[in-house]
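Working notes for the structure below.
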Amino acid sequence: MGIVGTIHDALTRESASTEATSNGAYWCDDCDVRVRDVAVESEGLDRDDDGTPQCPDCGSAMRFERAHADGCAC
């Protein structure tokens, strides 16, 4: 395989990778901790009885906030 084929394969694989679409982020107002909604499971956050993620620093329930402007949970 030539260099063109190698570059094509690398670019095709990268663009084909799927990342979950984020709808917002969970915030702890006391600690200023932010976790995107799509990263809650991978971060291993505990959840309260209602299923709301708990802050990894203080253990309080986190507040969910949606991003409206550009679809990014920034």
Side-chain angles (χ1 to χ4, degrees):
M1 176 178 353
I3 186 123
V4 174
T6 302
I7 292 171
H8 177 268
D9 288 347
L11 293 175
T12 304
R13 263 186 262 127
E14 185 175 323
S15 64
S17 68
T18 57
E19 183 178 320
T21 302
S22 178
N23 292 316
Y26 288 94
W27 292 83
C28 178
D29 294 317
D30 294 333
C31 300
D32 267 346
V33 172
R34 173 190 167 269
V35 179
R36 290 178 54 217
D37 60 339
V38 295
V40 169
E41 297 303 320
S42 64
E43 293 281 330
L45 299 182
D46 292 329
R47 294 180 181 264
D48 64 11
D49 294 337
D50 295 327
T52 305
Q54 296 175 310
C55 176
D57 291 350
C58 71
S60 295
M62 299 177 83
R63 173 180 53 85
F64 183 73
E65 185 175 285
R66 292 185 190 274
H68 297 283
D70 59 5
C72 175
C74 303

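None of these values were measured; they are calculated from a predicted model.
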[Y] side chain reached by [X] side chain, heavy atoms, under 4.5 Å:
X     : Y     : answer
Leu45 : Pro56 : yes
Arg66 : Asn23 : yes
Met62 : Asp29 : no
Thr21 : Val38 : no
Trp27 : Val33 : no

Check: Quick one: does Asp50's side chain have a donor or acceptor within less than 3.5 Å of a partner on Thr52's backbone?
Finding: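 Flag not set: sc Asp50 to bb Thr52 has no pair under 3.5 Å.
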Check: In Å, rounded to the nearest 0.5 Å, how long is the span from CD of Gln54 to SG of Cys28?
Finding: 10.5 Å
Note to self: Looking at every non-hydrogen atom in both residues, tell me the closest pair between Ser22 and Arg36 and how far apart they are.
What the structure shows: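 Nearest heavy atoms, Ser22 then Arg36: CB-NH2, 3.3 Å.
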Item checked: Candidate list Asp37, Val35, Val40, Asp46, test side chain to side chain contact (heavy atoms under 4.5 Å, CB included), partner Pro53, passing option ->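 Running side chain to side chain contact (heavy atoms under 4.5 Å, CB included) over Asp37, Val35, Val40, Asp46 with Pro53 returns exactly one hit, Val40.
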Next item on the list: Report the C-alpha separation of Glu43 and Glu41 in whole Å, then their side-chain angles, then the decisive distance to 0.1 Å, and conclude whether the side-chain contact (heavy atoms from CB on, under 4.5 Å) test is met.
Entry: CA-CA 5 Å; Glu43 293 281 330; Glu41 297 303 320; over 6 Å; no
